[in-house]
Amino acid sequence: MQQETEQTKAARPALQMKGITKRFGSFTALNQVDLSVNTGEVHALLGENGAGKSTLMNCLFGMYGQYDGEIYWQGEPVRITDSQTAIRKGIGMVHQHFMLIPVMTVIENVVLGMTDNHWVLDLKAAARRFTELSQTYHLALDPWAKVEQLSVGQQQRLEILKSLYRHARLLILDEPTAVLTPEEVDGLFEIIDRLKAEGHTVIFISHKLNEVMKICDRCTILRNGSVAATLSISQVRNRETLARLMVGNETDLDLHETDCHLGSQALLEVKQLSCRGDYGQLICKQLSFAIRPGEILGICGVDGNGQRELVECLTGLRQAESGQYLLGGRELLNCDARQLLKSGVSHIPEDRLKYGLAPGMSLEENLILADYKRSDFARHGWLRSGRIRRQAMALCQRFGVRFSSLKQPAAELSGGNQQKLVAARELDRQPRLLIAVHPSRGLDVGAARFVQNAILSMKRKGTAILYIAGELDEVMEMSDRILVMYEGQFMGQQARANYDRTQIGLMMAGTPIS
Amino acid sequence: MEGILNTLTNFISADVRTAVPLLLCALGLVFSERAGIVNIAAEGLMLIAAVSAAIGSAYFGPWGGALLAAISGLAGALIFTFFTITLRANQIVVGTAFNIFAAGLSVTLNRRFLADVTVTGYPLRAIPGLSQLPFVGDLFFNWQLLVYLTFLGVPLLQFVLYRSNLGLKIRASGEQPRACDSVGIKVNRVRTGVVLFSGILAGLAGSYVSLGQASTFIEGMVAGKGFMALAVCVFGNYTPVGAMGAALLFGAADALKYRLLTTELGSYYQFLNMLPYLITIISLMLLSHRSNKPAASGKPYIKE
Amino acid sequence: MNQNAKQFRFKSELKQLLLPLFSLVLALALGYLTMLLMGYDAAKAYQSLWQGIFGSRNAIAESLVQTTPLIFTAISYALTYKAGLINLGGEGQLYIGAVWGSVLGSRLSGIPVWLHWILIFAAAFAGGAIWGAISGLLKVRFKASELITTIMLNYIALEWVSFCVTNLPFKDQTAGAAPRMPTVVDNVKLSLLLPKTRLHSGFILALLVLLIYYLFMWKTTKGFELRVNGQNPNAALYAGMPVKHNAVLAFALAGGTAGLGGIINILGLQYFLTEGFASGLGFSGVAVALLGNSQPLGILLAAFLFGALNAGGIRMQTAAAVPSAMISMIQGIIIFFAVSPYLLSWIGTQLISGRNRHNLSLQNQLPPESAQLAMTTDRGKSDPEKSR
């Protein structure tokens, strides 16, 4: 019986996208992509970073003015050039970066852009409807709270409710679990089940296999902007099949041998370090750890648990409240960024465009960004252009940065080449301590490998390395030891010899394990 | 007693007279700032409008002046939006260019059309009944039409900004344009509309300079009032009611100057002239940390 | 690689020139149209404009005379702009510098002239620098928007000048005629470059300051720091640069340069300070810097263009009876177009889209790298105040 209803559902595609192509300049982000989603199913869109998942969904939601190809919604051909059209058709999207306005209230965010609320805002009536709706889906949320006061999980619920309030029948969730704790993820999965039970269709964008296996009915796998396969999850025997489809044939996972000779004495010692966040809350609580020369210490945890602030303290971008920060025995706590650079601390920042580069300045100038005062490059306050040029040429060649001129602005390079530029600069400084944050974010496999290998070569030279990345797999692959951070504290650590995903997962969710 | 009352009356009416063009222009700026547009072209808009108003009034009477001022404000704002929104040029840079352009245009227009004509100012409109009240009657109910409209506009615009669907869209466009786009709001259309509206208000404000405060146009008579309006908008924390308070305070500083001119401090009147500018700077020092300044202020929105 | 590099530089230099030239032509055309509409003899106006710029030895000299102060105020804007700050206060800084300079210039005598010059220039630089540094301090200390404080300080400076020319101890007490400050002593007046014209050696000083601006911004570590801050304030923090200190320094240097411009106009041209002697020079300087893309050579060319238009405008007013204010209008229009990098591609889009409006947008017409540049620099420029 159950079987039959599912069969009939399957016969009615809610959405079909045919031959979707999207170009940005000369870069083809999507190439002839077909996608068919049935009514009432949870359909996964699986792929690596940059495979085109978000781009495809942004096309569907009208975030780009134009695209090539056809979209059929409930069997009718539609052309979606703006999000208003998509919303009117009953499509809702929860973006990876929430589309909320922090200084406004929940209910203001909900009614924003609604056309049935003509001239004068009737927020009270809207709040009543909103409360009813949130009770139906068991998603309690105070309509009068300011969004900036909500937790990330609550903001995500708000985004879902925002779509439901607009009578969405199809919900697109773009990497919804990326910002959640495992506990919150379970909550989200319950919500998705409930949505499905109410007859909604869900497109679930992810690159996490276990999540897809757990809650999805079918999945479409994208690779480099094309469809690699569309499968029913029930047909999938093991996740390795999915993994291979997702990453292609490249499955060489072992990057380095564990038994690199580590020094015996700690090079970096951090003791009882505490600092406050942007809003004055205590965000790092008495953190202590040490790194030996040649050791890579990975820190993992869900974004927003204090990792960023810890790095800022260690790089002189934030004042610490208390604690000790010893590098080779020297106290560096609350030294400014300049002194830290001089003491041999290198930093590959989380966002290369936000911190690591001056986009409009030339490659050679970007390559001396941290060391412009060193006697090689400057004398009596004057820059030595000849040496700077030679240095730049050498570094670009050594790190394989592809460029047309050293005078070219860094902004003109591709993302991968920009990251290589930052890595080249930071690694060439022969640091004693390297702090690498998301060093492979947004890079293709080749460039990511390159940067990771470069970091490993520093390990061999005896640099102490603090490695922070969003992907657990990446941290596990690179590190000799992992510390798990949760709400500003370490939940526990594991050595490479006995990594245990389940335990790390538990720690990330806030269960301390000694 | 009589003397004090008189002094007070004069003081308040001088205050209002100075405050009106600042407030009128600032009301428009509050809206465009809230939508994410920094419009330092306000100075130039007022300048062109002041000369247009004088021309309109000379040839078609005060109403013609008001109409021409509003139209010139609108036209100027159209130029501004074309460059800043359509062509995404830097708003401050275009504003500066516009002010240079306006300085040239206003003088040219003045020499060409106002050489030997007489300009009629806005007439006073006493409100029947109310204006007969002792003391307050003359003070509050015997002004030009534009003055009543300006002050009536304050609560109205406050309501629009905070209690209407449109106001919500405007505020959201200045905070998080991408979020607006995701719910189907045409951010650049909202911004264009708001700048055009502020252009009309700046135009009317300019007309009050030439037709309300005086009955003539003098080159350079706007003398930084557009910039002052920008300061009023910031000092008023980007709300219409706040702008009213700020404008009246600036007006009071100006009125105080005229009071002091007759005393022995008069020969130092330049220092009194500095007062409004100093107040603005001090207010910026004190208020910048709890400001309603929109997050996306001054940044063009580019749809991907 | 080398060949590539040369091609790259040539292409980008050509691109930099194309838009300003196009803007100039467009602005002159619009000016022509406006004059026709207003019933002026536009052809005669432009003819006399040309005469006023290049028509004679004196005309050329006059153009350079007008160019000189613009170079200073343009640097004043450009230096802060390159450092990621906005300085609309060039005029106020110029006036304050001129006041300080002329106080010294009219008082001291009996000291060697070179010493006197040094003192005058130092005083003018210091006056402008302090005036500029106020905005810098207000910004780093109180987060007060420099956009507004510089404008407000302009007006305060104007009032101060107005006070100085009418009140003791600053005013000129000899004539008792028009309000002004005393005339500078004869031996500090700058010599003429071309006899029987007004072209004074201040022009050479302007070129020298421009050269210093270039060397400082592009060849020293301090200049490097300022430019990094202008490109991406977060990167400056990341590299451990003293960001706040640099903001004040940039404003001080900018103000000082404007102050020098003020006193040089006094020593070379006016010989005494009157109210409004530099009216409009501040904002014109902004325009010049924008047109010249804040590059030294660009500033020189743009300052000459604006100076020449100003000089020609005066001739235009006398010979063709067209108000010289028309020139400001044309200058405004030049800037409108010159600061709109998407202008050319937009026009292209409009021309093509007659047929096929729906499938095209501005974005699609952009070459990819410039689109990327536009977006990244936007992000780079993200509010420095919010960065911490």
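The chains referred to below are lettered A, B, ... by the order of the sequence lines, with proteins before strands, and numbering in each begins at 1. We use all heavy atoms of the structure for the numbers below, so side chains are in, but hydrogens, waters and symmetry mates are not.
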Whether Tyr238(C) side chain and His347(A) backbone form a donor-acceptor pair below 3.5 Å: yes
Donor-acceptor pair, Asp336(A) side chain versus Gly240(C) backbone, under 3.5 Å? no
Give the minimum heavy-atom separation between Leu383(A) and Phe224(C), together with the two atoms involved. CD1-CB, 4.1 Å
Measure the shortest side-chain to side-chain distance between Leu215(C) and Trp382(A) over non-hydrogen atoms and say whether it is less than 4.5 angstrom. yes
Measuring only between side-chain heavy atoms, which start at C-beta, is Val228(C) closer than 4.5 Å to Tyr372(A)? no
Structural part of Leu369(A) lying under 4.5 Å from a heavy atom of chain C: both
Using every non-hydrogen atom in the two residues, find where Asn232(C) and Leu353(A) come nearest and quote the distance to one decimal. ND2-O, 3.0 Å
Check each atom of Ile368(A) against the heavy atoms of chain C and say whether the ones under 4.5 Å are side chain, backbone, both or neither. both
Provide the closest heavy-atom pair for Ala337(A) versus Leu237(C) in the form atom of the first, atom of the second, distance. CB-O, 3.5 Å
Option in Lys222(C), Glu225(C), Lys219(C), Met241(C) with maximal non-hydrogen atom pairs under 4.5 Å from chain A: Lys219(C)
Return yes when atom CZ of Phe216(C) has more than 12 non-hydrogen atoms of other residues, nucleotides or ligands closer than 6.0 Å, and no otherwise. yes
Report which part of Arg379(A) has an atom under 4.5 Å of a heavy atom belonging to chain C: side chain, backbone, both, or neither. neither
Turns out that what part of Glu312(A) lies under 4.5 Å from chain C's heavy atoms comes down to neither
What closest approach, in Å, do Ala239(C) and Leu341(A) show between heavy atoms, and which atom pair accounts for it? O-CD1, 3.4 Å
